[in-house]
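See structure below.
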Amino acid sequence: MAAALELIHLLQTARKHAASDVHVVVGLPPLFRVDGEVVTGKGESLSGADLVRLVEACTSAEQRARLLQERQLCFSTLFGVQDRARVTVYLRNGFPELAIRVAERVLRTREELGLPAVLDELVRRPHGLLLITGPTGSGKTTTFHYLVHRINEEQRKKLITIEDPIEYVHLANRSLVVQQEVGTDVLDFASALKHVLRQDPDVIGVGELLGRETIHTALVAAETGHLVLGTLHTPDTVQVVQRVLGAFGEGSQAEVRQLLANSLLAVVSQQLLPRATGGGRVLCHEVLIGTPAVRHLIREGEVHKLYSEIQAGRRHGMVTMDHSLLERYGKGDITYDTAVTMARFPEAIQRRLG
């Protein structure tokens with residue numbers, strides 16, 4: 001089978017078995033991530049030459065030149081009418097290997113995803129910063145696209161996203177949706193975000209807030225009349241605030257604290273955990289809402305007090321990750337071991353469950 005068809009076959013196999021990712025490495029058959037676990041697929045082990053042929057068949061000359069220069073490459077690819085995948089190529093021992101994320105074909109509802117109801121209310125706000133955070137593979141991109149879809153379904157806005165790469169295509173419904181891909185349409189997040197502000201957007205979606213310049217531009221945009229959606233790789237809501245502030249030097253701290261306090265709508269932290277009965281994963285989340293009390297703590301630099309504010313903020317839609325874990329355990333969605341292992345305060349979970 002030709003190398004170009006091999007990639008399509010791998011992606012079709014991943015879709016058939018509901019795999020979220022495919023890993024193609026030297027010395028092993030293809031591997032698939034199913035329900036959070038990596039399992040070995042059928043077939044022969046792949047050689048370095050096999051991987052070279054595969055990459056040559058699924059990339060352009062320009063992409064291969066970029067891989068040679070930067071030693072890494074990320075792009076999106078189509079393998080069906082509505083099937084997209086994000087392909088990341090990296091080098092190991094001089095040979096290319098692939099990590100492929102298979103995008104969902106259809107955007108699920110908020111209830112199906114297990115997202116908090118407060119999100120639907122937050123994306124109706126005219127301006128502010130809404131951050132989705134969590135480790136790799138926690139469903140941040142899916143939540144990001146759910147928010148874009150919700151705005152597109154309900155509001156007449158101009159919505160511009162900057163993504164690396166585009167994993168789900170939104171067709172214009174009530175909103176005008178413009179999706180730009182890093183490396184194809186724009187050079188990088190920072191320069192793209194500056195130009196986006198000149199394109200009359202109402203809503204700006206940033207696939208990942210990377211670097212001081214991007215974060216600062218996003219904060220200013222959120223404070224000056226735009227709704228900004230963004231994702232970050234941090235494990236919980238409080239660490240998001242710490243990371244945003246920590247990206248700036250001492251001389252800029254006061255300004256950044258003021259910008260963040262004025263603009264923050266909410267931070268939603270996510271974890272995808274194995275379902276107790278097998279056959280899928282369930283979402284647990286932590287929600288920090290930008291209430292006046294939360295804004296005050298950020299403005300004063302008292303970030304260490306934010307967790308207590310989340311614990312006391314149920315009436316505002318706030319919830320701790322530990323409470324979400326307890327709720328999922330109570331419904332039988334996750335096991336006791338999972339709840340304790342993923343908790344911020346495992347001893348408290350153990351005491352609560354006897």
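Model, not experiment: these values are computed from the prediction. Computation of the quantities below employed the complete heavy-atom set of this structure, encompassing side-chain atoms and omitting hydrogens, waters and symmetry-equivalent molecules.
For residues 340-354, the set of pairs meeting the salt bridge (Lys or Arg N to Asp or Glu O under 4.0 Å) definition, not counting sequence neighbours, comprises Asp236-Arg344, Glu286-Arg344. Within the structure, ring pair (Phe, Tyr, Trp, His ring centres under 6.0 Å) contacts touching residues 285-311 (residues at least two apart or in different chains) are Tyr307-Phe345. The list of side chain to side chain donor-acceptor pair (under 3.5 Å) pairs with a residue in residues 267-282, not counting sequence neighbours, reads Thr143-Gln270.
Listed here is the closest heavy atom pair of Ala247 and Ile215: CB-CD1, 4.1 Å. Scanning both residues, Val34 and Ala19, for their nearest heavy atoms gives CG2-CB, 3.9 Å. Here the shortest heavy-atom pairing between Leu197 and Pro201 reads O-CD, 4.0 Å. Ser47 and Val26 make their closest contact through C-CG1, 4.2 Å (heavy atoms, listed as atom of the first residue, atom of the second, distance). Residues Val182 and Leu187 share a closest heavy-atom pair of CG1-O, 3.6 Å. Across Leu229 and Leu147, no two heavy atoms sit closer than the pair CD1-CB, 4.0 Å.
Note that CG of Leu260 is 10.5 Å distant from CD of Gln253, once rounded to the nearest 0.5 Å. Atom NZ of Lys194 and atom OG of Ser191 lie 8.5 Å apart (nearest 0.5 Å). From Leu115, atom CG reaches atom OG1 of Thr109 across 9.0 Å, with rounding to the nearest 0.5 Å.
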For residues 123-135, tabulate all N or O donor-acceptor pairs below 3.5 Å that involve a side-chain atom, not counting sequence neighbours.
residue	atom	partner	partner atom	Å
Arg124	NE	Glu154	OE1	3.1
Arg124	NH1	Asp120	O	3.3
Arg124	NH2	Glu154	OE2	3.2
Arg125	NH2	Glu121	OE2	3.3
Thr133	OG1	Leu232	O	3.1
Thr133	OG1	Thr234	N	3.2
Thr133	OG1	Thr234	O	2.7
Thr133	OG1	Thr234	OG1	2.4

Anything under 3.5 Å between a donor and an acceptor, one on a side chain of residues 217-228, the other on a protein residue two or more places apart or in another chain? List them.
residue	atom	partner	partner atom	Å
Thr217	OG1	Glu213	O	2.9
Glu223	OE2	Asn262	ND2	2.8
Thr224	OG1	Val220	O	2.7
Thr224	OG1	Ala221	O	3.4
His226	ND1	Ala221	O	3.1

N/O donor to acceptor pairs below 3.5 angstrom from side-chain atoms of residues 85-96, sequence neighbours left out:
residue	atom	partner	partner atom	Å
Arg86	NH1	Glu167	OE2	2.9
Tyr90	OH	Glu97	OE1	3.1
Arg92	NE	Glu97	OE1	3.0
Arg92	NE	Glu97	OE2	3.0
Arg92	NH2	Glu97	OE2	2.8

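Glu309 meets the side-chain hydrogen bond (donor to acceptor under 3.5 Å, both in side chains) test with no other residue; sequence neighbours excluded. The side-chain hydrogen bond (donor to acceptor under 3.5 Å, both in side chains) check on His149 picks up nothing, with sequence neighbours excluded. With sequence neighbours excluded, no residue forms a ring-ring contact (aromatic ring centres under 6.0 Å, His included) with His316. For Gln12, there are no side-chain hydrogen bond (donor to acceptor under 3.5 Å, both in side chains) partners at least two apart in sequence or on another chain. The side-chain hydrogen bond (donor to acceptor under 3.5 Å, both in side chains) check on Gln242 picks up nothing, with sequence neighbours excluded.
A single hydrophobic cluster is seen to contain both Val203 and Val186, as judged by linkage of ILVMFWY side chains at heavy-atom distances under 4.5 Å, directly or through other members.
Under the 3.5 Å distance criterion, the side-chain polar atoms of Glu302 are left unmatched by any main-chain donor or acceptor of Ile298. In this structure a side-chain-to-backbone donor-acceptor pair under 3.5 Å is present from Asp188 to Ala190. Between the side chain of Asp185 and the backbone N or O of Glu181, at least one donor-acceptor pair lies under 3.5 Å. In this structure, Gln69 contributes its side chain and Arg66 its backbone to no donor-acceptor pair below 3.5 Å. Side chain of Arg295 to main chain of Ala261: a donor-acceptor pair is present (N/O by atom type, distance under 3.5 Å, no hydrogens or angles). Of the possible donor and acceptor atoms, one in the side chain of Asn152 sits under 3.5 Å from a partner among the backbone N and O of Leu171. Counting only distance, with no hydrogens or angles, the side chain of Thr59 and the backbone of Val55 share a donor-acceptor pair below 3.5 Å. Under a 3.5 Å cut-off, the side chain of Arg299 and the backbone N or O of Arg257 do not form any donor-acceptor pair. Judged by distance alone, the side chain of Arg328 and the main-chain N or O of Leu283 form a donor-acceptor pair under 3.5 Å.
With respect to the salt-bridge test (charged N to carboxylate O, under 4.0 angstrom), the residues Arg108 and Glu104 qualify. Remark: Asp202 does not engage Lys157 in a salt bridge, criterion side-chain N to carboxylate O under 4.0 Å.
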### Task
Evaluate salt bridge (charged side-chain N to carboxylate O under 4.0 Å, His left out) for Glu153 paired with Arg150, printing each intermediate quantity in order.
CA-CA 5 Å; Glu153 290 284 301; Arg150 179 54 46 216; 5.3 Å; no
### Query
So Leu306 and Val303, side chain to side chain contact (heavy atoms under 4.5 Å, CB included) or not? Walk me through it.
CA-CA 5 Å; Leu306 286 176; Val303 177; 3.7 Å; yes
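Between Arg314 and His323, the side chains place a donor N or O and an acceptor N or O closer than 3.5 Å (distance only, hydrogens not considered). Between Ser76 and Arg84, the side chains place a donor N or O and an acceptor N or O closer than 3.5 Å (distance only, hydrogens not considered). Side-chain atoms of Gln179 and Glu163 include a donor-acceptor pair closer than 3.5 Å. Remark: the Thr341 side chain and the Thr338 side chain contain no N/O donor-acceptor pair separated by less than 3.5 Å. Inspection of the Glu255 and His216 side chains reveals an N or O donor paired with an N or O acceptor under 3.5 Å.
Hydrophobic side-chain contacts under 4.5 Å tie Ile349 into a cluster, directly or through other members, with Leu273, Val282, Met321, Leu325, Leu326, Tyr329, Ile334, Tyr336, Val340, Met342, Leu353.
Open room surrounds CD on Glu62; 12 or fewer heavy atoms of other groups in view lie less than 6.0 Å from it. No more than 12 heavy atoms of other residues, nucleotides or ligands sit less than 6.0 Å from atom CD of Glu44. Counting heavy atoms of neighbouring residues, nucleotides and ligands inside a 6.0 Å radius, atom NZ of Lys158 exceeds 12 of them.
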